[in-house]
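Down below is the structure, laid out as structure tokens.
In each ligand, atom 1 is the first atom listed, and ligand 1 is the first ligand listed. One is the number of the first residue; the rest follow in order along the sequence.
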Amino acid sequence: MTGLLDGKRLLITGVLTGASIAFHVARIAQEQGAEVVLTGFGRLRLVERIAKRLPAPASVIELDVTNSEHLESLSGKVSEHVSGLDGVVHSIGFAPASCLGNPFLEAPWEDVATTVHVSAYSFMSLTRAVLPLLSEGASVVGMDFDARQAWPAYNWMGVAKAGLESVTRYLAKELGPEQIRVNLVAAGPVRTVAAKSIPGSDDIEEQWGSRAPLGWKVDDPEPVGKSVCALLSDWLPATTGSMIWADGGFHAVGM
Ligand SMILES: NC(=O)c1ccc[n+]([C@@H]2O[C@H](COP(=O)([O-])OP(=O)(O)OC[C@H]3O[C@@H](n4cnc5c(N)ncnc54)[C@H](O)[C@@H]3O)[C@@H](O)[C@H]2O)c1
């Protein structure tokens, strides 16, 4: 049987637990024939243990996207495992507590700067770090939470996501001539470590389930994982600078 991602060499960031969106992207990608290399932030032993639950072995490289030495050595380390890359997944986000749920007007700049650095700027720095390895036709995919509107509690993370959406358009513009596509998947709420750090995420989850035209299950990362894999495949060859919703259609309805 042929898989959607047969022969694709992918670098996937953002696996922390078995619930991480990145874990499910890696799982589905391997099921579809891809060769996967992971990066892990900090707790490498934990990430390596989680990686063992994937259908096929995947090496783990340490990457803190705010660490310039990690970024500079990344392509060399990836080359030890694969000869090049046909796809990269950025599934990374972080905001200090002051930036989520607390009064929007009180977040200090240092914390906002961290949020933007890790969650938006790093989409560019990760892409730049692996650029020499990217093949013609390669696909770069990031994870978004629709930032066209203000959400309860999402606060400065929402601002960072708006930045991420803009970074995507500029990367697409710059890398299009190299035939490299850059897109985001705007996911509905999925229960992960990052989601649990958002105060009031239960309310958002509840609303989503009842309002999304297709319905929505917060404990089912499969639709989001499949959407990322679709963008990593050769089947959206003219799509770049876009945000693709995997949200049950929630964004399309008012009430
Ligand atoms: N879960 C949701 O409801 C949801 C919805 C839409 C978008 N997203 C986005 O999906 C992405 C993945 O989040 P998730 O929900 O799977 O949660 P998660 O907690 O499993 O993943 C977040 C990842 O970010 C990594 N990270 C944090 N700081 C980092 C740094 N400095 N360098 C490198 N990696 C770092 C963590 O190690 C972790 O692997 C994030 O961008 C998140 O905003 C999540």
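For Ser122 and His90, the side-chain atoms include at least one donor-acceptor pair closer than 3.5 Å.
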Would you tabulate the side-chain donor-acceptor contacts of residues 212-223 under 3.5 Å, counting partners in other chains and residues two or more places apart, or write 'none'?
{"unit_1": "Trp216", "atom_1": "NE1", "unit_2": "Pro189", "atom_2": "O", "d": "2.7"}
{"unit_1": "Asp220", "atom_1": "OD1", "unit_2": "Glu222", "atom_2": "N", "d": "3.1"}
{"unit_1": "Glu222", "atom_1": "OE1", "unit_2": "Arg27", "atom_2": "NH2", "d": "2.7"}

Just distance, no hydrogens or angles: give the donor-acceptor pairs under 3.5 Å from side chains in residues 244-255, sequence neighbours left out.
{"unit_1": "Trp245", "atom_1": "NE1", "unit_2": "Asp146", "atom_2": "OD2", "d": "3.0"}
{"unit_1": "Asp247", "atom_1": "OD1", "unit_2": "Gly249", "atom_2": "N", "d": "2.8"}
{"unit_1": "Asp247", "atom_1": "OD1", "unit_2": "His251", "atom_2": "ND1", "d": "3.3"}
{"unit_1": "Asp247", "atom_1": "OD2", "unit_2": "Phe250", "atom_2": "N", "d": "3.4"}
{"unit_1": "Asp247", "atom_1": "OD2", "unit_2": "His251", "atom_2": "N", "d": "2.9"}
{"unit_1": "Asp247", "atom_1": "OD2", "unit_2": "His251", "atom_2": "ND1", "d": "2.9"}

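The salt bridge (Lys or Arg N to Asp or Glu O under 4.0 Å) search around Arg191 returns Glu205, not counting sequence neighbours.
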For ligand 1, which of its N or O atoms have a protein N or O partner closer than 3.5 Å, and how long is each gap?
{"unit_1": "ligand 1", "atom_1": "1 (N)", "unit_2": "Val190", "atom_2": "O", "d": "2.8"}
{"unit_1": "ligand 1", "atom_1": "1 (N)", "unit_2": "Thr192", "atom_2": "OG1", "d": "3.3"}
{"unit_1": "ligand 1", "atom_1": "3 (O)", "unit_2": "Val190", "atom_2": "N", "d": "2.7"}
{"unit_1": "ligand 1", "atom_1": "3 (O)", "unit_2": "Val190", "atom_2": "O", "d": "3.2"}
{"unit_1": "ligand 1", "atom_1": "15 (O)", "unit_2": "Thr192", "atom_2": "OG1", "d": "2.6"}
{"unit_1": "ligand 1", "atom_1": "16 (O)", "unit_2": "Ile21", "atom_2": "N", "d": "2.9"}
{"unit_1": "ligand 1", "atom_1": "17 (O)", "unit_2": "Thr192", "atom_2": "OG1", "d": "3.2"}
{"unit_1": "ligand 1", "atom_1": "19 (O)", "unit_2": "Ala194", "atom_2": "N", "d": "3.1"}
{"unit_1": "ligand 1", "atom_1": "20 (O)", "unit_2": "Ser20", "atom_2": "OG", "d": "2.5"}
{"unit_1": "ligand 1", "atom_1": "31 (N)", "unit_2": "Asp64", "atom_2": "OD1", "d": "3.0"}
{"unit_1": "ligand 1", "atom_1": "32 (N)", "unit_2": "Val65", "atom_2": "N", "d": "2.9"}
{"unit_1": "ligand 1", "atom_1": "39 (O)", "unit_2": "Gly14", "atom_2": "O", "d": "2.8"}
{"unit_1": "ligand 1", "atom_1": "41 (O)", "unit_2": "Ile92", "atom_2": "O", "d": "3.1"}
{"unit_1": "ligand 1", "atom_1": "41 (O)", "unit_2": "Lys161", "atom_2": "NZ", "d": "2.9"}
{"unit_1": "ligand 1", "atom_1": "43 (O)", "unit_2": "Lys161", "atom_2": "NZ", "d": "2.8"}

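Taking the six-membered ring for Trp and the full ring otherwise, Phe145 and Trp208 have centroids separated by under 6.0 Å.
At a threshold of 4.0 Å, the pair Arg45-Glu48 counts as salt-bridged, since one of the basic side-chain nitrogens sits closer than that to a carboxylate oxygen.
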